[in-house]
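Some notes on the structure that comes next.
Please read these numbers as outputs of a predicted model, since none were measured by experiment. These numbers come from the heavy atoms of this one structure, side chains and all, not from hydrogens, waters or symmetry mates.
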Protein chains: 2
Amino acid sequence: MSTSKHSILSKSRELFEQHGYGKTTLTDIAKSIGKVKSALYYYFSGKEEIFAQIVRDEAEQFWNSLAAEIETADTVEDKLHLYVETRVELMQKIAKRYHFLKKEFFELMPIVEENRKETDRLEKDTITVLLMDYPKYEGTDESTVRFKAEMLVNTIKGLEVQMYVTDQVLIDQKSLPIFSDVLLNGIL
Amino acid sequence: MSTSKHSILSKSRELFEQHGYGKTTLTDIAKSIGKVKSALYYYFSGKEEIFAQIVRDEAEQFWNSLAAEIETADTVEDKLHLYVETRVELMQKIAKRYHFLKKEFFELMPIVEENRKETDRLEKDTITVLLMDYPKYEGTDESTVRFKAEMLVNTIKGLEVQMYVTDQVLIDQKSLPIFSDVLLNGIL
DNA sequence: CATTTGAACAAATAAGTAAAAAGTTCAAAT
DNA sequence: ATTTGAACTTTTTACTTATTTGTTCAAATG
């Protein structure tokens, strides 16, 4: 990727985080990389596309960290526990970082959702594959397992929305293992 | 409760559901019960108090239905399953009904939260007591059990926020038992 | 005495309008 | 292959004025 494209994305991200999406103008972005706003159109089709690309990059990086972390465990159980704990941790970081999304939630969330579809699928696929390897699901047809995997991922995503929308940090560091235990092994 | 007070609440609720909170004026409400707007102040301290009372009533009714439903089961397991399934069902109904909250979410949600505190506590208390009776938690100190109970309730509440904020119906009737099973018995 | 009203007032909203700023396009310049 | 500046359209801002809304309260109702 060209240096210009990269610095546009990098500076835009900073500006969005500092002032929010709406308050950041293309002139601001262009000025931050020492160009004029029309120059941005050589790399992106418009403001929304810049935001979309940031979302895609962020999502990819998010998933790469998460997938790498899962790899370090040996058993399915451990992988899943690591998944839940790391997922929640990363989520809380991202929610803090994109605090500005709160004000513009209904405007921007559809764009976020749209551009996360790819990594979303990767995530659900991975959990499904993990579960398929779990003795309990030996011989269970994939659609059933996938359904449960989606349920797990969606439950965690539910917390993510809650983080964006409300201000409460939901799960602190020390409660994380308990949370993961309840989610994976059930409350009963 | 006086007939007037009751009809103010009842008509307000209708109007809020139809046109949203902001678009419904005190004149609209007063007219709907054949009075002038200043008459409303005999019963309520203002518009927000009308909304708050509706929220409290709704929450109380919500919890009464839920508690009654739980009563019908005999074992802790059955009670909890019934709890999760009924809770989600009621939640989806309420989220549909208060669809208007979506637009005014950030303005009204604090009021909703504030006025649900009481039933929220009831709900968490009830689940805690239920779990205390569960063999697995025999001898476990209450704070640990309460923590898990709160985790369960908060996870479900997370879905509730998601329902208000996004448009997707998250769990259909037939997946409900599977959802409840995953949540209570874990995915593993 | 409990309830309702109408007038009065402040604060919020709507409507209108002009000016400025923002997003976008593109031919020309580098 | 990049970048620019001018031109164009769409949005936002700023400002004014008029209306509506939320709220208060003394007086009227019954």
Legend entry - Reading 5' to 3' through nucleotides 9-16 of chain C, protein heavy-atom contacts under 4.0 Å coded B for base, S for sugar-phosphate only, - for none: --------
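- With A:Y42 as the aromatic partner, A:K5 does not meet the cation-pi criteria of under 6.0 angstrom to the ring centre and within 45 degrees of the ring axis.
- B:Y21 and B:F51 have their aromatic ring centers within a separation under 6.0 angstrom.
- At a cut-off of 3.5 Å, with distance as the only test, a side-chain donor of B:E123 or B:Y83 sits close to an acceptor on the other residue.
- Atom CD1 in B:I8 sits about 11 Å away from atom C1' in C:dT3, given to the nearest Å.
- With values rounded to the nearest 0.5 angstrom, A:D120 atom CG is found 12.0 Å from A:N115 atom CG.
- Over its length, the helix from C:dC1-D:dG30 to C:dT30-D:dA1 turns its helix axis by 40°, as judged from the five terminal pairs at each end, rounded to 10°.
- Between B:R56 and B:E60 no salt bridge is recorded (no basic side-chain N to carboxylate O distance below 4.0 Å).
- In this structure, OH of A:Y42 is placed 18 Å from P of C:dA29, rounded to the nearest angstrom.
- Shown for residues 25-35 of chain A: residues whose heavy atoms fall under 4.0 angstrom of DNA chain C, namely A:T25, A:L26.
- Judged by distance alone, with hydrogens and angles left aside, the side-chain atoms of A:S180 form no donor-acceptor pair with the main-chain N or O of A:L176 at under 3.5 Å.
- Using modelled atom types and a 3.5 Å distance limit, the side chains of A:T128 and A:D125 yield no donor-acceptor pair.
- Salt bridge B:E160/B:R116: present, at least one basic N to carboxylate O contact under 4.0 Å.
- With a 6.0 Å cutoff to the six-membered ring centre and a 45° limit on the axis angle, B:K11 does not count as a cation-pi contact of B:F16.
- With respect to the salt-bridge test (charged N to carboxylate O, under 4.0 angstrom), the residues B:E69 and B:R87 do not qualify.
- Residue-level contact check: B:T24 touches the backbone only, with heavy atoms under 4.0 Å from sugar-phosphate atoms and none from bases.
- Checking side-chain atoms of B:E150 against main-chain N and O of B:K124 turns up no donor-acceptor pair under 3.5 Å.
- The ring-ring contact (aromatic ring centres under 6.0 Å, His included) pairs that include a residue from residues 125-148 of chain A number zero, where partners must be two or more places apart or lie in different chains.
- Salt-bridge annotation for A:D74 and A:K79: absent, with no side-chain N of the basic residue lying under 4.0 Å from a carboxylate O of the acidic one.
- Residue A:Y43 is classed as a sugar-phosphate contact, given heavy-atom separations below 4.0 Å to backbone atoms only.
- An OP1 or OP2 oxygen of C:dT24 is reached within less than 4.0 angstrom by a side-chain nitrogen or oxygen of A:Y41.
- Using modelled atom types, one finds a donor on one side chain and an acceptor on the other under 3.5 Å when comparing A:Q53 with A:D57.
- Put simply, chain B comes within 4.0 Å of DNA chain D, heavy atom to any atom, from D:dT21 to D:dC25, going 5' to 3'.
- Only at 4.0 angstrom or more do the heavy atoms of residues 101-112 of chain B sit from any atom of DNA chain C, so none qualifies.
- A side-chain donor from one of A:S175 and A:D172 sits under 3.5 Å from a side-chain acceptor of the other.
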